[in-house]
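Values below: all heavy atoms of this structure, side chains included; hydrogens, waters and symmetry mates excluded.
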Amino acid sequence: KDFQLFDSSIHFFFPDKTKYNIEIAFLQAKGNWARGKHKEALEDICNIIKTYKTDNNYLKSKIFYTYGTWIISLSKPENILDTISVAIKYFKSSIDVSKEKIYYKALKSWAWASSVLFNSNKSNIGYAKNAINGFLQCIYTKSENSLSQVFQMISLFSYSNLDELSFSK
């Protein structure tokens with residue numbers, strides 16, 4: 001891909017990188033990721049999370065979600081469960097900050113990550129409950145193409161041996 005136009009536009013309108021607003025900093029991080037500069041993009045988005053403040057909850061939600069997916073993408077196969085344990089916190093943060101409108105991708109990723117962590121340790125019923133609740137919210141949020149979530153939810157429910165009392169705790 002050719003990023004010359006992208007770079008020149010950003011540098012023309014925002015010549016001082018230290019004065020980027022959160023939207024431009026996020027756009028720059030995504031541009032670095034698209035270029036294949038994954039470690040630099042991850043550092044950029046980590047810096048955004050630590051230093052930038054915004055009232056735009058939907059943008060914050062997208063940033064947390066993006067960070068979670070990127071750290072999973074960069075994980076080595078032998079470290080994937082540890083990485084998912086970290087990423088799930090960012091997916092949950094993404095859901096928590098999006099008060100008006102839940103970011104569907106984050107919700108689906110949180111439910112998926114919860115199911116993966118439950119399947120790796122069947123004694124942790126909390127992950128099963130989170131996954132089932134997450135998949136249910138996905139179905140409510142986006143009713144079309146929800147068959148996958150229904151199957152995952154049924155599978156989790158049967159493997160975890162949960163009953164109605166388990167959800168009331």
Side-chain angles (χ1 to χ4, degrees), residues 1-118 120 126-127 130-131 133-146 148-149 152:
K1 293 181 180 179
D2 183 19
F3 292 95
Q4 187 174 0
L5 182 60
F6 174 80
D7 290 337
S8 61
S9 297
I10 287 197
H11 294 299
F12 178 77
F13 290 109
F14 304 96
D16 185 0
K17 189 175 182 174
T18 62
K19 295 184 179 179
Y20 282 0
N21 62 29
I22 190 169
E23 291 88 355
I24 298 303
F26 186 44
L27 186 64
Q28 183 68 46
K30 291 192 315 186
N32 284 335
W33 185 268
R35 284 185 180 91
K37 297 179 178 180
H38 296 151
K39 291 190 188 247
E40 186 177 333
L42 202 59
E43 289 172 9
D44 290 345
I45 204 163
C46 187
N47 182 46
I48 292 168
I49 290 170
K50 289 179 182 176
T51 60
Y52 286 86
K53 305 292 181 229
T54 182
D55 292 333
N56 184 338
N57 289 331
Y58 191 69
L59 177 63
K60 278 193 256 186
S61 182
K62 288 179 87 166
I63 291 169
F64 284 128
Y65 164 77
T66 301
Y67 187 71
T69 58
W70 286 0
I71 61 174
I72 289 173
S73 295
L74 294 179
S75 177
K76 294 178 182 176
E78 62 270 13
N79 299 333
I80 194 67
L81 289 175
D82 293 333
T83 305
I84 290 173
S85 295
V86 173
I88 198 170
K89 296 171 188 168
Y90 288 95
F91 297 144
K92 183 68 172 129
S93 294
S94 178
I95 295 164
D96 291 344
V97 299
S98 60
K99 296 173 179 106
E100 317 79 50
K101 178 181 172 187
I102 290 181
Y103 189 46
Y104 176 78
K105 289 181 180 181
L107 182 60
K108 188 174 176 182
S109 295
W110 176 69
W112 167 81
S114 295
S115 70
V116 168
L117 293 174
F118 169 72
S120 73
Y127 284 129
N130 289 343
N133 285 328
F135 288 130
L136 271 173
Q137 287 180 344
C138 284
I139 293 166
Y140 292 141
T141 303
K142 203 171 201 176
S143 59
E144 70 274 356
N145 300 326
S146 59
S148 171
Q149 285 89 9
Q152 290 179 41

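Rounding to the nearest 0.5 angstrom, the gap separating the CZ atom in Phe64 from the OG1 atom in Thr69 is 13.5 Å. Taking OG of Ser61 as the reference point, atom OH of Tyr90 lies at 14.5 Å (rounded to 0.5 Å). The line from OG of Ser9 to CD of Gln4 is 10.0 Å long, rounded to the nearest 0.5 Å. Rounding to the nearest 0.5 Å places CG of Leu42 at 5.0 Å from OH of Tyr67. Here the CD1-CG distance, from Ile72 to Asn79, works out to 13.0 Å after rounding to the nearest 0.5 Å.
When all heavy atoms of Tyr104 and Cys138 are compared, the pair lying nearest together is CE1-O, 3.7 Å. Heavy-atom minimum distance, Thr83 versus Ile71: CG2-O, 3.3 Å. Across Gly134 and Trp110, no two heavy atoms sit closer than the pair CA-CZ3, 3.8 Å. Shown here for Ala29 and Ile45, the closest heavy-atom pair between the two residues is CB-N, 4.3 Å. What you find for Ile24 and Asn21 is that their closest heavy atoms are N-OD1, 2.9 Å. In plain terms, the two heavy atoms of Leu27 and Phe6 that are nearest each other are O-CZ, 3.6 Å.
Below 30°, between 30° and 60°, or above 60°: for Phe14 and Tyr20 the angle between ring planes is above 60°, a perpendicular geometry. Ring geometry for Tyr65 versus Phe91: interplanar angle of 30 to 60°, hence tilted.
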Chi angles and distances behind the side chain to side chain contact (heavy atoms under 4.5 Å, CB included) call for Thr66, Trp33: CA-CA 11 Å; Thr66 301; Trp33 185 268; over 6 Å; no
Side chain to side chain contact (heavy atoms under 4.5 Å, CB included) between Tyr103 and Ile95, worked out: CA-CA 6 Å; Tyr103 189 46; Ile95 295 164; over 6 Å; no
Side chain to side chain contact (heavy atoms under 4.5 Å, CB included) between Val116 and Tyr127, worked out: CA-CA 9 Å; Val116 168; Tyr127 284 129; over 6 Å; no
Trace of the side chain to side chain contact (heavy atoms under 4.5 Å, CB included) decision for Ile63 with Thr54: CA-CA 11 Å; Ile63 291 169; Thr54 182; 5.9 Å; no
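Pairs of residues two or more places apart, or lying in two chains, that qualify as salt bridge (Lys or Arg N to Asp or Glu O under 4.0 Å) and include a residue from residues 34-60 are Asp7-Arg35.
Taking Asp96 as the reference, Lys92 meet the side-chain hydrogen bond (donor to acceptor under 3.5 Å, both in side chains) condition, with sequence neighbours excluded. By the side-chain hydrogen bond (donor to acceptor under 3.5 Å, both in side chains) test, Ser109 is found to be paired with no residue, residues two or more places apart in sequence or in another chain being considered.
Atom CD of Glu78 has more than 12 neighbouring heavy atoms from other residues, nucleotides or ligands inside a 6.0 Å radius.
Side-chain atoms of Ser93 come within 3.5 Å of backbone N or O of Lys89 as a donor-acceptor pair.
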